[in-house]
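Notes to accompany the following structure.
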2 protein chains.
Amino acid sequence: MTTLRDLSRHLGLSVTQVSRALNNHADVSADTRERVHRVARELGYQPNVSARRLVTGRSGMLGLVLPGIPAEAENAMFVQIVGTLSQHLARMGRPFVLHIADPAEDVLDAYRRLTASGAIDGFVLLDPEIRDRRVAFLRTADVPFVIHGRIEEPHDYPFYDIDNRGVAERLTGLLTAAGHRRIAFLNGPKRRTYAVSRLHGYRAALARAGVAEEAGLHRFGPMTEGEGLLAGVALWGEGGPRPTAVVCGNSRLAAGLLRAFDALGLRVPRDVSVVVHDDELPGVRPQAFDPPLTATWSPLALGWPHLAQILAAAVDGAALPALQVQGEVGLVERASVRSVS
Amino acid sequence: MTTLRDLSRHLGLSVTQVSRALNNHADVSADTRERVHRVARELGYQPNVSARRLVTGRSGMLGLVLPGIPAEAENAMFVQIVGTLSQHLARMGRPFVLHIADPAEDVLDAYRRLTASGAIDGFVLLDPEIRDRRVAFLRTADVPFVIHGRIEEPHDYPFYDIDNRGVAERLTGLLTAAGHRRIAFLNGPKRRTYAVSRLHGYRAALARAGVAEEAGLHRFGPMTEGEGLLAGVALWGEGGPRPTAVVCGNSRLAAGLLRAFDALGLRVPRDVSVVVHDDELPGVRPQAFDPPLTATWSPLALGWPHLAQILAAAVDGAALPALQVQGEVGLVERASVRSVS
DNA sequence: CCTATCGTCCAAAACGTTTCGGATCAACGA
DNA sequence: TCGTTGATCCGAAACGTTTTGGACGATAGG
């Protein structure tokens, strides 16, 4: 292994100056800098991360901690996340540590160990919750992180997110504009912040249209095909409130819902109008449904590179506004909404 | 962050002695050792990995390098591998680095960087090839590794593998014992070592039964459903050699093959006898085929924990025979072989 | 001519750990 | 009584890097 001292001997310079040259500090002549870089390349010099970390307090490693091996249904998403993060971080020369915790232990212990030992100096946080314990811990430990999504205000932390409130407001607004007044909303899990934001958006759209919110039409729940099916039967089956339109939180819910409609003999959009938010989940596309569904549209896949870039910038000490990215949301109108004037 | 010096002050001991106590060295009294451990726990001491690595030359981190984001069909397997490795290594207190290389660059560069910078001190190697460049590099760089599978002899390196030669010999032997003499073999990719071992096993079984190998009945190829289908049409379609039995390298190949048989109007085992090696790939189970297939049987999933354990032992300097594990292979006879006496 | 300033350089300290080479002391056998 | 041995301890060096606090000339300004 070539060290700084090796380089300094080769060049007839002090170790100090070689270090400063390699790190592009100001007080080294252009000529020297060039020579140092060249010789470093020739000798295949790689700075020793441990030594660097020891003095700077940073290892350059970034990490993702998951509470356990993902469930079968999440496989494709897991590969997308982990693959994209690792690949992007690799391009920036930053090793990516994937820590899959023992389901039996508290994830916080994993964060504690990884940060205290100095192994990792920044984390990507997925699936943030309302009062997220990980965020609380990393904040007190003063360890950089980036959240996929947001937590409660104030938003004084790095994140990548979309405008979830706006998404729900837009989708609901499409339905009120078409004259619907009894609109169901199949939302995500109650603990998840985006679901709460979307609820606000749903309510805002209803209020704007002068529609009173009807109890039972908004449902928190897991965003799975099974849940969509159950919700469909509960809302449109025997004794259900039978709303005339519905907003689906994602396309898995929509898929389940359409199967319920099929069983109940309901047709879209004749009997029920359906709109959906499309994350471009692998394997379920709203345009492939029958009928194709009107949808807001923002691929989750677009977020991962941002997370990598933001986190890298965060550990390098970048300031806040640059570390907050809000993804674009598109809208595609298809044939799943009927006007009821 | 609590350091060794903090502990030493608290305990009235030298840093040296604290270090030796924590690492359970011989020359520290049982009493002292106990006190040190207790105080360390109380103060939440975590050894600084960078400092440790700097002096020992080891970081404790183990890694897996992949050439790119896996293809859709490999998702489930990827999750299984990465999840199991990370989880098992986490239990041993060893951070797991997943490096997904840029497909544009040479993977060897990734290994070079990760080892030279001292970030990682051991690798899991998947999908070994005949003259594997990664193995060559890691050997010269004197970096520990463990191979899932084996390369050419001599087998003087850590590995987890099954007896691939034996698998092919056993499966082929079942067919010769049932009186078959024209036996096809849908094998894996030519560059892969296990495929070569299996070819040897196939030939050994034929020789033992006094059967001459017929050209064109053995096929190297990717182990996909598509390849099974193509092979089926090529071997049993118009102008094909129409063997009376076939050995499938895995259940994906078998699935494709059975679809070809279906299209060609062939029935198993009436027209063709089929045996398969079952890795327990997620999603394709030979017992669920029609008819259920006779199979040798060795879940790939059993290998990942071994790889984690072997690699951890290898970087700790364990000696060879203990680092070579051969997985068990079972055999389940089902209704897919017909005797042709 | 003297002092400031600037550009370029360097020696030494520091980071937290492990390890080498002893030091100390009590117990023991000769 | 005197080495010997063994158990337990410690100081100091080392690992490779960054950073601090200056040194040294050369140039410019007064």
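Only heavy atoms go into these numbers, but all of them, side chains included; no hydrogens, no water, no symmetry mates. Chain letters run A, B, ... following the sequence lines, proteins first, then strands; residues in each count from 1.
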Ring pair (Phe, Tyr, Trp, His ring centres under 6.0 Å) partner of A:Phe123, the single match among A:Phe145, A:Tyr111, A:Tyr157
A:Tyr111
How long is the line joining CG of A:Leu4 and P of C:dC10, in whole Å?
13 Å
State plainly whether the residues A:Asp127 and A:Arg134 are in salt-bridge range, i.e. N to O under 4.0 Å.
no
In this structure, how many angstroms lie between the P atom of D:dC10 and the NE2 atom of B:His25, rounded?
15 Å
With the threshold set at under 4.0 Å for non-hydrogen atoms, list the residues of residues 45-55 of chain B touching DNA chain D in residue-number order.
B:Leu54, B:Val55
Proximal nucleotide (of D:dT18, C:dT18, C:dT8) relative to the A:Ser19 side chain
D:dT18
Rounded distance in Å - CD (A:Gln17) to P (D:dT18):
13 Å
A:Leu22 CG to D:dG16 P, in whole Å, measures 16 Å
Ignoring backbone atoms, establish whether A:Thr56 has a side-chain N or O less than 4.0 Å from OP1 or OP2 of C:dC15.
no
Taking B:Asp121 first and then B:Arg94, would you say they form a salt bridge - that is, a charged N and a carboxylate O separated by under 4.0 Å?
no
Atom CG of B:Asn23 and atom P of C:dT17: how far apart are they, to the nearest Å?
10 Å
Between atom CZ in A:Arg20 and atom C1' in C:dG7, what is the gap in whole Å?
12 Å
Is the closest side-chain heavy-atom distance between A:Ile147 and A:Pro158 below 4.5 Å?
no
Of the listed nucleotides C:dC20, D:dG16, C:dC9, the one nearest the side chain of A:Asp27
C:dC9
Between D:dC10 and B:Ser14, is there an OP1 or OP2 to side-chain N/O distance shorter than 4.0 Å?
yes
Considering only D:dC9, D:dT19, C:dC10, which nucleotide approaches the side chain of A:Leu13 most closely?
C:dC10
